Amino acid sequence: MMAEGLDRARKVVRWTLNGTLILVWFLAAVTTAAALGLGILTWPRALLAVAGLIAFSVFFFRITGALLAHRYPVRDVVAAGALSLGVMILGGSQMTGWGFVPLAWLSLAAIAVPRRVAVLLGVGTAAVVTPFGVLGALANTDPSLSLDTSTTVGGVVGVIFYYLLMCSIFPWTNRLWVWIYRLAEEAHAGREAQARLAVAEERLRFARDLHDLVGHQLSAIAVKSELAVRLAGADTDAARDEMTEVRGLARTALRELRETVRGYRRLDLDAELTTVRGVLEAAGVTCRLHLPHREVPEEVAPVFAWVVREAATNVLRHSSASRCDITVRHSDEEAVLEVRNNGVARRAVEDVGSGLAGLGERMAAVGGTLEARPAGSGEFVLRAVAPLPVEIGT
């Protein structure tokens with residue numbers, strides 16, 4: 001879910017960046033058609049400009065892909081910058097046509113660089129392209145400008161103002177979109193880290209319980225075994241008594257070890273709900289529990305605990321949820337667990353992962369069913385239903 005949202009954000013940002021290139025082609029086509037019709041531009045120069053624009057487009061796509069992959073391809077940026085200037089000159093330097101190509105280059109070159117460098121790129125671009133724009137206006141190669149003696153000064157001032165304004169705006173246009181995408185990536189990484197932390201905490205808790213429950217008996221077994229070895233030659237009866245105690249301690253340790261492992265395999269629903277709520281809220285997801293007044297029957301409580309754990313893991317790893325509601329209810333006929341979050345990704349249920357497939361098998365083992373699907377309004381619902389063949393006391 002979360003991964004799909006990140007993929008969609010990446011596609012939107014890529015299309016937004018490439019949208020600048022689409023605008024370049026549109027303006028160049030319109031201006032070239034007008035210039036050819038007016039005889040301002042010759043066909044050989046127009047074809048050379050188009051060829052240069054094709055090469056510039058290849059570099060543009062390469063730079064876009066590199067920037068989204070957290071790389072800044074300096075050589076490609078420099079080559080694309082030189083191409084953009086050459087294409088501008090060949091096309092006639094029209095400020096709303098071929099003169100737009102260096103501005104498109106600037107919108108990419110200023111991404112993923114410090115603000116100071118972005119400002120310098122804008123100033124440098126304005127300093128380089130403005131003279132060519134002025135020369136193009138004076139040479140009457142811009143169909144949008146028909147300068148005569150009385151309008152020359154105004155036209156030149158307009159061209160200068162245009163490039164100064166554009167070169168002050170374009171360094172920041174696409175930076176904003178990439179910055180937003182970077183925030184989405186960081187949020188996704190934070191969810192992944194939170195899920196890994198939850199797993200690590202569970203392992204630490206298991207290790208701590210093993211140490212507390214079994215460690216004492218193992219230490220006592222080691223001490224008494226050493227004592228029995230020392231007594232074996234001098235006092236066989238005492239040695240035998242010590243080994244009898246060792247046997248008892250070993251049995252106790254084995255029993256407690258089995259109980260500990262069984263306790264982890266047979267999860268406690270109340271404890272799991274508390275843990276899941278804490279983990280989700282620590283990850284910035286508001287978690288609300290809607291629980292019945294009576295305890296969930298012990299026949300289905302452990303499998304519901306597994307469902308809750310897997311649902312919370314999916315929310316952390318695969319969704320962009322900000323809210324999660326966990327509802328448990330039961331009657332004499334059935335028990336129902338529902339986990340609803342608002343971070344839906346619209347895809348088939350069978351693609352949500354092997355974890356839910358395993359839960360489906362657990363539910364089937366108790367005669368129940370598991371359903372996971374988008375519920376509309378941007379919500380995703382995981383619903384587990386288990387029959388209760390025994391009568392629940394009130």
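When reading the values below, keep in mind they use all heavy atoms of this one structure, side chains included, and skip hydrogens, waters and symmetry mates. All values derive from a computational prediction rather than experimental measurement.
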Rounded to the nearest 0.5 Å, how far does [atom2] of [Y] lie from [atom1] of [X]?
X	Y	atom1	atom2	answer
I111	T173	CD1	OG1	7.5 Å
L106	T125	CG	OG1	4.5 Å
T236	M243	OG1	CE	13.5 Å
L53	L48	CG	CG	12.5 Å
M363	R383	CE	CZ	10.5 Å
R373	E379	CZ	CD	10.5 Å

With a 4.5 Å cut-off on side-chain heavy atoms, are [Y] and [X] touching?
X	Y	result
L337	I326	yes
P102	F132	no
L165	S168	yes
V123	C167	no
R329	H290	no
T64	L108	yes
L121	P171	no

Examine [X] and [Y] and state if one hydrophobic cluster contains both, with Ile, Leu, Val, Met, Phe, Trp and Tyr joined whenever side-chain heavy atoms are less than 4.5 Å apart.
X	Y	result
L90	W43	no
L21	L103	yes
L23	Y163	yes
V128	V78	yes
M95	F26	yes

If you take all heavy atoms of [X] and [Y], which pair is closest and at what distance?
X	Y	result
A35	Q94	CB-NE2, 4.2 Å
C287	L280	SG-CD1, 3.9 Å
S93	W98	N-CB, 4.5 Å
A126	P131	O-CD, 4.2 Å
R182	L68	NH1-O, 4.2 Å
L83	G52	CD2-O, 4.3 Å

Stepwise, does the side chain to side chain contact (heavy atoms under 4.5 Å, CB included) test hold for L382 with L370? CA-CA 7 Å; L382 189 151; L370 183 76; 3.5 Å; yes

After noting the C-alpha distance and the side-chain angles of L17 and V178, does the key distance pass the side chain to side chain contact (heavy atoms under 4.5 Å, CB included) rule? CA-CA 9 Å; L17 298 182; V178 175; 4.2 Å; yes

Is there a donor-acceptor contact under 3.5 Å from the side chain of [X] to the main chain of [Y]?
X	Y	value
R288	D325	no
Y72	A109	yes
W105	F60	no
S84	G81	yes
Y181	V13	no
R175	A110	yes
N18	F61	no

Please assess T130 against F161 for the test side chain to side chain contact (heavy atoms under 4.5 Å, CB included), listing each intermediate value before the final yes or no. CA-CA 9 Å; T130 301; F161 177 78; over 6 Å; no

Please name the residue in the list V336, T327, V328 that meets the side chain to side chain contact (heavy atoms under 4.5 Å, CB included) test with P292. V328

F100-F170 aromatic ring centre distance below 6.0 Å: yes

State whether the number of non-hydrogen atoms from other residues, nucleotides or ligands found under 6.0 Å of W177 atom CH2 is greater than 12. no

Could you walk me through whether W15 and V12 pass the side chain to side chain contact (heavy atoms under 4.5 Å, CB included) check? CA-CA 5 Å; W15 274 103; V12 168; 6.0 Å; no

With sequence neighbours left out, write down each residue that passes side-chain hydrogen bond (donor to acceptor under 3.5 Å, both in side chains) with S107, or none if nothing qualifies. N174

Is it possible for you to check whether R309 lies under 6.0 Å from the centre of the six-membered ring of W306, through NZ or CZ, and within 45° of that ring's axis? yes

For A335, give me all partners under side-chain contact (heavy atoms from CB on, under 4.5 Å), at least two apart in sequence or on another chain. V300, F304, H330, L388

Residue pairs fulfilling salt bridge (charged side-chain N to carboxylate O under 4.0 Å, His left out) with at least one residue in residues 70-90, sequence neighbours excluded: R62-D76

